[in-house]
Amino acid sequence: MANIIQKKPWEQAGIKPIDEAIYYNRRQIIKQLGLTTIGMMAAPFVLGACQNPAQQNATGDSAPQEKSNTFDFEGMSDLYPATRNEKYTLDRPLTKEYDATHYNNFYEFINPRDVSIYNVYKYVEPFTTSDWSFEVSGLVKNKGKFDLEDIIKKIGLEERTYRFRCVERWAMAVPWTGFPLAKLIKLFEPKNEATHIRMVTYSNTEEMIGVRTQHWYPWPYYEGLRMDEAMNELAFIATGIFGKPLPKQNGAPMRLVVPWKYGYKNIKSIVKFEFINKEPETFWHKIAPNEYPFISNVNPEVPHPRWSQAMEYLIPDGEKRPTLKYNGYGEFVAGLYEK
Ligand SMILES: Nc1nc2c(c(=O)[nH]1)N[C@H]1C(S)=C(S)[C@@H](COP(=O)(O)O)O[C@H]1N2
Ligand SMILES: [Mo]
């Protein structure tokens, strides 16, 4: 076929972008989750960034026309940019805005006929993120529905530059805009019995091609933190990136940023915060319990069962760097784990 797809520079640099689910085809996932709908599925395929390019766009949903403005976001842009909090410094240059907003992991928008983390942004258009509200429930005084815009007006926005490290070893450094998760939690007044916070992503089959077509995943995406982790000063709710509201593909309009943990803990497009008294199940842990533990702190000495975590690779060109324990945030978080 004439359709030869060039390897991305950072793939040429020798790293294979191993996707969380690369070895989890639908059959394995269905088996692991104890589902029985196997007869309903189309031909099996391997999900992930390593998929054979020749399989892309074979049939089915095709990529929408590329728009000149690929930066897809809605609302509240008058609040940006916010003042940078200079306390959180970097040891490397910022990733380019284009790369951070076009190299995404967001399974809800992965088209099974066009599988690549470079393609997520092409499928977010139907996702409605304006007038966002979220639910607060569980062991907490102020339960109910909250409007994001009201919350932002109440607690304000700041900018922080943080490193970011995906479990698959790609890394970036970006300026997030948002507010500390602790400030948000304090508004709700959790009860003393609350030991953990559980967060859930929006899920909609009409707007999200991945949710519509990949029935074997345990949607909606869900994650969690211990309360002491959630109250740590680093834990951040991002509503923006590079001085603008978050593009949809980066988890608009509000997503978690916990820079000392692997990327999958950083749950996107949150619609629910639940305060509970036990460790919650998480999306990737449910799929592969031996690969994605609840805590998931960045640690070069603890290999993933299928690869070493000693090194990481900056997007987009794959510059190799040694992985830092707690992703370099030990001064802020080591005390949570080393008592
Ligand atoms: N709801 C949801 N949140 C998610 C994911 C996802 O697939 N769905 N992927 C996670 C993973 S594995 C990573 S590495 C980061 C990627 O964030 P980015 O696309 O903004 O770089 O989002 C995390 N949050
Ligand atoms: Mo990731």
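Counting starts at 1 for both ligands and their atoms, in listed order.
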Visitor: Considering the heavy atoms of Met172, write down every atom of ligand 1 situated less than 4.0 Å from one of them.
Guide: 21 (O)
Visitor: So, using ring pair (Phe, Tyr, Trp, His ring centres under 6.0 Å) as the criterion, who are the partners of Tyr202 when residues are at least two apart?
Guide: Phe127, Trp132
Visitor: Looking at Thr201, which atoms of ligand 1 are within less than 4.0 Å of one of its heavy atoms?
Guide: 1 (N)
Visitor: Of all the atoms in ligand 1, which lie at a distance below 4.0 Å from a heavy atom belonging to Asn104?
Guide: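 In order of numbering, the contacting atoms are 18 (P), 19 (O), 20 (O).
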Visitor: Relative to the heavy atoms of Phe106, which atoms of ligand 1 are at a distance of less than 4.0 Å?
Guide: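 Answer for ligand 1: 1 (N), 2 (C), 6 (C), 7 (O), 8 (N).
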Visitor: Counting only heavy atoms closer than 4.0 Å, does ligand 1 sit against the backbone of Trp170, its side chain, both, or neither?
Guide: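 Near ligand 1, Trp170 shows its side chain, while the N, CA, C and O stay back.
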Visitor: Could you tell me whether Asp91 atom CG has more than 12 heavy atoms of other residues or ligands within 6.0 Å of it?
Guide: yes
Visitor: Before we go on, tell me: are the rings of Tyr118 and Tyr103 under 6.0 Å apart, centre to centre?
Guide: yes
Visitor: Glu319 vs Arg92, test: salt bridge (Lys or Arg N to Asp or Glu O under 4.0 Å). Steps then yes/no.
Guide: CA-CA 11 Å; Glu319 185 194 324; Arg92 61 195 70 181; over 6 Å; no
Visitor: Of all the atoms in ligand 1, which lie at a distance below 4.0 Å from a heavy atom belonging to Tyr264?
Guide: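 Within the 4.0 Å cut-off of Tyr264, ligand 1 contributes 10 (C), 11 (C), 12 (S).
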Visitor: Using a 4.0 Å cutoff against the non-hydrogen atoms of Asn266, which atoms of ligand 1 qualify?
Guide: 22 (O), 23 (C), 24 (N)
Visitor: When you check the gap from the basic side-chain N to the acidic O, do Arg306 and Glu291 get nearer than 4.0 Å?
Guide: yes
Visitor: So that I can tick it off, tell me whether Glu97 and Lys244 are bridged by a salt bridge, with the cut-off set at under 4.0 angstrom between side-chain N and carboxylate O.
Guide: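 So Lys244 pairs with Glu97 through a salt bridge.
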Visitor: Show me which atoms of ligand 1 lie under 4.0 Å from any heavy atom of Cys166.
Guide: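 Close to Cys166: 14 (S).
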Visitor: Considering Trp176, Phe164, Tyr262, which one's heavy-atom position lies nearest to atom 15 (C) of ligand 1?
Guide: Phe164
Visitor: What salt bridge (Lys or Arg N to Asp or Glu O under 4.0 Å) pairs are there with at least one residue in residues 253-263, not counting sequence neighbours?
Guide: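 Of all non-adjacent pairs touching residues 253-263, those that pass salt bridge (Lys or Arg N to Asp or Glu O under 4.0 Å) are Glu229-Lys261.
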Visitor: Taking only heavy atoms of Arg255 into account, list the atoms of ligand 1 that are under 4.0 Å away from them.
Guide: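 Ligand 1 atoms under the 4.0 Å threshold to Arg255: 15 (C), 17 (O), 20 (O), 22 (O).
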Visitor: Does the side chain of Ser296 come under 3.5 Å of the side chain of Tyr264 through a donor N or O and an acceptor N or O?
Guide: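 Distance-only check passes for Ser296 and Tyr264.
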Visitor: Hey, is Phe283 touching ligand 1 through its side chain, its backbone, both or neither, going by heavy atoms under 4.0 Å?
Guide: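 Neither; nothing of Phe283 gets under 4.0 Å from ligand 1.
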